[in-house]
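Worksheet: the structure to be examined is printed underneath.
Per chain, numbering begins at 1; letters A, B, ... match sequence-line order. A quick note: this is a predicted structure, and the numbers were derived from the prediction, not measured.
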Amino acid sequence: MIWAIYLLFGIGLAFQALGSVALHRFPDAYTRLHGATKCTTFGSIFIYLGVMLYGAILFMEGQTSYAGLVSHTFLVLVLIMVTNPTGAHAIARAAYRSGIKPKLLVVDELRGAGK
Amino acid sequence: MAVIATAFVFSMLFYLLLTAGSGNIGIWSLPELAFAVGFSAVLALVAKKIFTKLGITPTRKLLNPKRWALLLVYAVGPFLFSMAKANLDVAYRVVTGKIRPGIVKVETGLKSHLATTVLANSITLTPGTLTIDLDEKGNLYVHWIYVKSKKPRPEEVCGNFVKWAGRIAE
């Protein structure tokens, strides 16, 4: 069972690392947001799942106080799923409105929309 | 009344999640259960008062538990699947550097603000697509990391999210 936790942590860390690499690979604020916010969210989900599994195993072994570990991590998971897109959207919108132009664009529908 | 009930249920749930594992009635101790009921009742009344004072009339649709159940089904089913798929796609683009970014317009056809919010957040949470702005007609402007067509249909950008957002919140 402990290997399942290691596997979840491994997947999570791999995506977190990809998110960091994306910061260096991508050319501008918007594309970097894709890597830096989304990949890390997905990585975090796996790490939380690993923590929840660990808590659940200890809970099943009779240490009832570890139910808190599971439920707290679940709360964090829900909250990060709600706040992450809000934050990413706010950064992107603020960047566009303050005149940072996206690079390498093939199409920009927003420019003609009078925004 | 529905506002009070919803606020009560959610604060109770929140408190119970925070205090899980504190005792042996279920997994809660008696004082925590009593506090849960007490705090939730107070919070529900305060929420009702604040809502009335600020003149907010909550969308009645979200007071329906069926829609919350649908949201949960959506979150763990089709949404998680397409998020995983999109993550692998973006991982490939991070490694190879093959990007073709652009800002496209997605005509959703959704009327309610709530449904538009659900859809915009779903699009933003999916890697590769990022909602930047929206206009009065409910069209979203989405930064897309690999533009497949310059005038895309909604399904090309966000799969069946539009249908689900309509089902949950329209």
Neighbour count >12 (heavy atoms, 6.0 Å) for atom [atom1], [X]:
{"X": "K101(A)", "atom1": "NZ", "value": "yes"}
{"X": "Y54(A)", "atom1": "OH", "value": "no"}
{"X": "F9(A)", "atom1": "CZ", "value": "yes"}

Nearest heavy atoms of A20(B) and S71(A), plus distance in Å: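 Scanning both residues, the minimum pair turns out to be CB-OG, 3.5 Å.
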Nearest heavy atoms of F42(A) and M83(B), plus distance in Å: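 Closest approach of F42(A) to M83(B): CD1-CE, 3.8 Å.
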Under a 4.5 Å heavy-atom cut-off, does chain A meet the side chain of [X], its backbone, both or neither?
{"X": "F79(B)", "answer": "side chain"}
{"X": "S122(B)", "answer": "neither"}
{"X": "S29(B)", "answer": "neither"}
{"X": "A84(B)", "answer": "both"}

Does [X] share a hydrophobic cluster with [Y], counting links as ILVMFWY side-chain heavy atoms below 4.5 Å and allowing steps through other members?
{"X": "V21(A)", "Y": "L13(A)", "answer": "yes"}
{"X": "I100(A)", "Y": "I103(B)", "answer": "yes"}
{"X": "L8(A)", "Y": "L58(A)", "answer": "yes"}
{"X": "V76(A)", "Y": "Y66(A)", "answer": "yes"}
{"X": "F35(B)", "Y": "M12(B)", "answer": "no"}

Working to the nearest 0.5 Å, report the span between [atom1] of [X] and [atom2] of [Y].
{"X": "H34(A)", "Y": "I145(B)", "atom1": "NE2", "atom2": "CD1", "result": "4.5 Å"}
{"X": "L140(B)", "Y": "H89(A)", "atom1": "CG", "atom2": "NE2", "result": "9.5 Å"}
{"X": "L125(B)", "Y": "K38(A)", "atom1": "CG", "atom2": "NZ", "result": "7.5 Å"}
{"X": "Y96(A)", "Y": "L130(B)", "atom1": "OH", "atom2": "CG", "result": "13.0 Å"}
{"X": "F15(A)", "Y": "L88(B)", "atom1": "CZ", "atom2": "CG", "result": "5.0 Å"}

Top contributor to chain A interface from V95(B), L80(B), T126(B), T19(B) [non-hydrogen pairs under 4.5 Å]: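 Result: the option with the highest number of such pairs is V95(B).
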Largest heavy-atom contact set with chain A, pairs under 4.5 Å, which of T131(B), L18(B), V142(B), V104(B):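 Highest number of pairs under 4.5 Å: L18(B).
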Sub-4.5 Å side-chain heavy-atom contact between T31(A) and H143(B):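 A side-chain contact under 4.5 Å exists here.
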I99(B) vs P27(A) side-chain heavy atoms within contact, under 4.5 Å: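 SC-SC contact between I99(B) and P27(A) confirmed.
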Using heavy-atom distances under 4.5 Å, tell me whether [X] contacts chain B through its side chain, its backbone, both, or neither.
{"X": "F74(A)", "value": "side chain"}
{"X": "L18(A)", "value": "both"}
{"X": "I45(A)", "value": "side chain"}

Candidate pair Y30(A) and I132(B), rule side-chain contact (heavy atoms from CB on, under 4.5 Å), full reasoning: CA-CA 9 Å; Y30(A) 306 90; I132(B) 292 184; 3.9 Å; yes
Options P85(A), G35(A), A95(A), C39(A), ranked by heavy-atom pairs under 4.5 Å with chain B, top entry: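 Looking at each option in turn, the highest pair count goes to P85(A).
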